[in-house]
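Have a look at the structure below, then the notes.
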Amino acid sequence: MKVIIAEKPSVGREIAKVFGATNKKDGYIEGKGYTFTWAFGHLLQLAAPQEYGFYGWNVQNLPMLPQKFKLAIRKVKTKDGLVDDPGVKKQLNIIKTLFDEATEIIVATDAGREGELIFRYIYYYLKCKKPFKRLWISSQTDAAIKDGFRNLKPGADYDSLFNSAHCRSQSDWLVGMNATQALSLSAGTRSVLSLGRVQTPTLAMICARYIEHKNFVPQNFYQVVIQPDKDGQAFKAVSVTNFKTKEEAEAVLQLVEPTCTIENVEAKPRKEPPPLLHDLSSLQQEANKRKGFTADQTLTLLQNLYENKLVTYPRTGSRYIGDDVFAGVPQLIAGFTEHVEFGKQAIILTSAKLNKRSVNAKKVTDHHAILPTGEKPNHLTDDQQAIYDMVAGRMLEAFHADCIKEITKITILSGTKFLASGTVIQTAGWRAVFNDKDEEKKDEENATLPAVKPGEILPVTAKDILEKQTKPKPLYNEASLLKALETAGKEIDDDELRQAMKDSGLGTPATRAAIIETLLKRDYIAREKKNLVPTSTGLSVYNVVKDQRISQAELTGAWEKRLEEIRSGASVSAFQEEIKVYTRAITQELLQAGKGMALK
DNA sequence: GCAAGGTC
C-alpha cells in the first residue's frame, strides 16, 4: 500500500479525488490501491526548554543550548496549562498506523521549506524508516497533480531543503527562547518580555514610526489660490510656488490681477490597470481599510469561508493564477450575475475579453491567489459576507478592463504662475465594480475643468491664501504595518541581504496576523483608534534592543541568505555554530541591558 | 511564562 500525506485535509481530499479514491475513513481516504492522509500544518514542534533539563526561568540555564533538539506534539492552552492538542495526537496516531502498513510514502506537503519540515518532523518523530518519494507541484489542478505523480522525485533530493528548514526552526528557538528569558530575568518583571527574529523588528518599526511622528515639527507654508471663471464655470488654480511666510504670500496675492491668462493646457489620458487578485495580505489590508477588521479577524473569517468551501486556500502569498485556473474564471464570473451589488458588472464581463494581468503561472508559488470557488453561499454573517464580497468583487475587478482617466493640467498667469489640475474618469473599467470614491481628493483638486485654450483671458472671481502644514509620516495601522512587513528588507543597503529577502519580507502570510496579536498580548503595543502605537513597556523594550541585530529586518535577510546556501548544499554545522555564537552574545548582552530598564 | 512556523 502506498500512503500519500498532504499538508492539510483540503489538499489530501483533492488528490484523492483526482485518483478516484472515495472510501472516506476517519482521518484518511482509501481507494485505487492508495491511502490518502494529511497533517494539520505543523503537528510537531521543537520541545520546550524543560524537556532538555532547563527547568524554570533561571539565569543559571542561560544560554540554553540543547545538545540535540527533541520534537513534541503541538500544544494547546487549557485551564490546566499547555497540553498535547488532542486532535493532533489523534491524527498523528492515524498517520502512524498508515505508515506502519505502508510499502512506500509519497510526500505531498506544500512544495516549500516548511512543507518539507512538516513531513520530516512527523517521519522522524514516528521513527519511520519506510522509503518515501516527493510530489512537487505548484498548482493543485487535476492536470498538475497527475503530472506531478508521473514525475515523483526521490525523497533524498530534498534532504538539503529539510536541513535549511530545520536550521530555521532551531535558530528561531535558540535566539527567541534565550533572548526572551535573558531580558525578562534581567528586567526583573514578573511578566514575559518576549523577543524574536520577527516580532522584535516589527515592534521596532512601530516604535520608530511613533517616535518620529511624535517628534515631528510641522512647518507652515502658504499658497495663493485663485478662482478663474469660464462662461460661468468656476475652477480653482493654486500658485506653483509655496511660500514660507504669510507676508510673502500676501505680497503675491496683491499682484493677482482682475483677469488671468491661460498659458498652457495639457490633457493626457492615463490608463489605470486593474488591481491584482488578492493574496492574504492585500485582503487583510483592504478589509482593515474598508471595514476596520484586524488582520486576525480577516484571517479567521476567511478560514471560515474556506472551510465552508466558498473560497480557495486563504494563506497564500501569490496574487496570480495559472492558465489552468484561469480557464475556469468565466464560469465563476457567470455565477455572480445575480449579485445585488455588482451583478451588473459580472454581466458585462461575461461578454467581454478578460484582462489577463493576474494570470501568470510563474508567479504562482505554493498556492494561487484567493478566488471564490463557485459554491453558492448562504447564511453568511454580515462580516463573512463582507469578506466574501471583497474576494468576489476583486475577481471582477482583476479581469475587468483598464480604467481610463483624463488628467488635465492648466497653467495660468496672473501676477504669478498658477496650476489647475483635474481628473476625469472617461471609462470606469474595473472601477465600476465597487464604484468607490477616489482616494482622498485635495480641496483644490477640480473634478472637471472647463475647455480653455492657451492665450484665453478669463476673469478672476476670487482669490485667497491657503495656509498649510507639512505632515509627518502617519502612525502605523494594521493595513500599513502588514504592507511594511511584506516589503521589509527592500531598503537594506547590502545587495545580497536585500536579494535574500526580496520574496519574503518579515514573517509569512500565515503568521503576520499572529505576530501583531503577540505584540498586543505582551502589552508592547495597543490599538488607538485605527492606529497601532507602542505602550510604555514596548518603548522600554525598544530602547534596550533598538541598536541590536535582533531588532532589524537584516537579521532575517542574513539568515535567509545562509539558509538558501544550505538548501543548495552548504554546511549545516557552520551555520549552527554561528547561531550558537550569536545566541551566547545576545544572551549576555540582554542579561546586562535589562538591568537598566525603566519599567513601572 | 518564552520563538516562528503551519493549520483546524
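Every chain is numbered from 1, with letters handed out A, B, ... down the list of sequences.
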*Can you list the residues that meet the ring pair (Phe, Tyr, Trp, His ring centres under 6.0 Å) rule with A/F19, with sequence neighbours excluded?*
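Applying ring pair (Phe, Tyr, Trp, His ring centres under 6.0 Å) to A/F19 gives A/Y34, A/F36, A/F149.
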*Under the ring pair (Phe, Tyr, Trp, His ring centres under 6.0 Å) test, which residues partner A/F119, sequence neighbours left out?*
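Once residues adjacent in sequence are excluded, the partners of A/F119 under the ring pair (Phe, Tyr, Trp, His ring centres under 6.0 Å) criterion are A/Y123, A/F132.
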*With a 4.0 Å cut-off on heavy atoms, is A/P49 in touch with a base, just the backbone sugar-phosphate, or nothing at all?*
base
_Measuring from the side chain of A/V192 (C-beta onward, heavy atoms only), which nucleotide among B/dA4, B/dT7, B/dC2 has the closest atom?_
B/dC2
*Select one nucleotide: of B/dG1, B/dT7, B/dA3, the one nearest the side-chain heavy atoms of A/W57.*
B/dG1
*More 5' along DNA chain B: A/L185 or A/T200, using each one's nearest nucleotide?*
A/L185
*For A/Q50 and for A/P9, locate the closest nucleotide of DNA chain B by heavy-atom distance; then report the residue assigned to the nucleotide nearer the 5' terminus.*
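Nearer the 5' end of the strand: A/Q50.
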_Contacts of type salt bridge (Lys or Arg N to Asp or Glu O under 4.0 Å), residue A/R562, not counting sequence neighbours_ = A/E565, A/E578
*All side chain to side chain donor-acceptor pair (under 3.5 Å) counterparts of A/Q285, not counting sequence neighbours*: A/S281, A/E486
*Could I get the full list of side chain to side chain donor-acceptor pair (under 3.5 Å) partners for A/E564, not counting sequence neighbours?*
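Testing A/E564 for side chain to side chain donor-acceptor pair (under 3.5 Å), a comparison that skips the adjacent residues, returns A/R567.
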*Would you mind listing every salt bridge (charged side-chain N to carboxylate O under 4.0 Å, His left out) that reaches into residues 54-68 of chain A, with sequence neighbours excluded?*
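For residues 54-68 of chain A, and leaving out neighbouring residues, there are no salt bridge (charged side-chain N to carboxylate O under 4.0 Å, His left out) pairs at all.
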*Please collect all salt bridge (charged side-chain N to carboxylate O under 4.0 Å, His left out) contacts where either partner lies in residues 112-121 of chain A, sequence neighbours excluded, each pair once.*
A/R113-A/E560, A/E114-A/R168, A/E116-A/R120, A/E116-A/R134, A/R120-A/D159
_salt bridge (charged side-chain N to carboxylate O under 4.0 Å, His left out) between A/D383 and A/K291, intermediate numbers included_ = CA-CA 9 Å; A/D383 287 354; A/K291 304 288 291 184; 5.5 Å; no
Residues within [range] bordering DNA chain B, heavy-atom distance below 4.0 Å:
range	value
residues 107-123 of chain A	A/D110, A/E114
residues 301-313 of chain A	A/Q303, A/Y306, A/E307, A/Y313
residues 39-48 of chain A	A/F40, A/G41, A/H42, A/Q45, A/L46
residues 166-175 of chain A	A/R168, A/S169, A/D172, A/W173

*A/Y542 and A/Y210 aromatic centres sub-6.0 Å*: no
*Where does the angle between the aromatic ring planes of A/W559 and A/F575 fall among parallel (under 30°), tilted (30 to 60°) and perpendicular (over 60°)?*
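Rings of A/W559 and A/F575: perpendicular, as their planes differ by over 60°.
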_Looking only at the side chains, is there a donor atom on one of A/S160 and A/N163 sitting less than 3.5 Å from an acceptor on the other?_
no
Give a yes/no on whether any side-chain N or O of [X] is located under 4.0 angstrom from OP1 or OP2 of [N].
X	N	result
A/R522	B/dC2	yes
A/T511	B/dG5	yes
A/S194	B/dA3	yes
A/R512	B/dA4	no

*Non-neighbouring partners of A/I73 that pass side chain to side chain contact (heavy atoms under 4.5 Å, CB included), sequence neighbours left out*: A/L44, A/D84, A/V88, A/K89, A/L92, A/Y125
*asked:* Donor-acceptor pair, distance only, cut-off 3.5 Å: does the side chain of A/T200 make one with the backbone of A/L195?
replied: no
